[in-house]
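Below you'll find the structure, written out as structure tokens, and then a few comments.
Per chain, numbering begins at 1; letters A, B, ... match sequence-line order.
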Amino acid sequence: MSDENNITNSWNDANDENGMTDAGANAGAGRPENASRRKFLKAALIGTAATAAVGAATVVGLEHAGAVPHLGITKLARYPFVGNTTSPGGSTGTACTSGTDPQNYVDQSTFNNKESIFLWALFTKLPAGSYTMFVSPTIENKGGAICSPSPASNPFEYQGSTSSSSNVQVYNLSASAVTWTCHPSKKTDLGTVTRNGASMAAAFSTPVTVAAGHDLQLQVHMHNGCSGARVVSVTISLFQSPSATPFLQASTSITINA
Amino acid sequence: MGFAFYPQARPDVETHVLPDGSCLLFDPITCEGLALSIVGALVWDYCDGALAWDDIVSEIAGLTPQEPGVREEVQWFLKEFTQNGLLRQAAEIETVSPGSPELQG
């Protein structure tokens, strides 16, 4: 439940004196629900400080290690919101994978090594503008520096060679033409391709111009080229020119069998 | 005469207090989540415009006198909140020292 300060207390909703759920302006320190929350936080701090922290380990690589380790090894950690996101204007982004039968794109998230994969991203209700996309981890050209410096770094390569224009395909679609949430059920649902290329860089060598309210559909043909089982999180970032900050991001998890 | 800064959290920043006393903030403008330790959660809770910066530091540090590092940590959080735009542009409140002309007859 949220109180007037747009704060949710997941610790014990019974402690909210009024149980109100509306978010709103900061109500100040005097209100009962603020007092009980502060009381709880004070007790948490005092109780934690009173506990002996023998052997409290420092964790390497955390963004900001606490000056007082046993009061919180991490003082503050930032998490940019990836995954399926919504922009303040109502645009959305989703990512997924499927099999590659053009007559029947079936959702699939687990693949065998070298098995053909379609990586999809759909960004909807976009403001008018010019857009580029970027995929992470980098998809290597076929025969390129895959699995380098380790199999866990860049495990994917494009299905076709560097001369294949069908590795990456981009579709600029009107909202009415899109009846799916991530990928169509078959190739003919997509219509005429707007932009294609042998790689993401080639396909987006110049931004794609989109009218207000339109959707952008990305389709990437790739496969895993590194031995060994792994789970890879792939993120597609959409940039609205000329901003260097992602306008939207969408992620999907791909499981590769050994 | 001096000025005191009264930190006040932006009302649009979502705050989710977790059972262990830590909390998660979500800034809808930057679409960024921030996980705060217990100290950070308490500092954030104190950012309601009621207390001046120094008073917040003193009050929280006073809860754990056996932990001298907490004072510095509170200062650090207040600076982080300020630098990351999580606080409102709180009006500076003019404070009047006892010997100032304003208090003379």
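- Ranked by non-hydrogen atom pairs under 4.5 Å with chain A, the options Asp27(B), Leu51(B), Leu42(B) are led by Leu42(B).
- By the side chain to side chain donor-acceptor pair (under 3.5 Å) test, Ser176(A) is found to be paired with Ser174(A), residues two or more places apart in sequence or in another chain being considered.
- Taking CD from Gln66(B) and CD1 from Ile46(A), the interatomic distance works out to 8.5 Å, rounded to the nearest 0.5 Å.
- With respect to Leu41(A), the side chain to side chain contact (heavy atoms under 4.5 Å, CB included) criterion is satisfied by exactly one of Leu63(B), Ile60(B), Asp45(B): Asp45(B).
- Closest approach of Gly21(B) and Ala44(A) over heavy atoms only: CA-CB, 4.2 Å.
- Residues satisfying the disulfide (SG to SG under 2.5 Å) criterion with Cys96(A), sequence neighbours excluded, are Cys182(A).
- The CZ atom of Arg38(A) lies 7.0 Å from the CD atom of Glu59(B); values are rounded to the nearest 0.5 Å.
- Pairing each heavy atom of Phe40(A) with each of Val17(B), the nearest pair is CE2-CG1, 3.9 Å.
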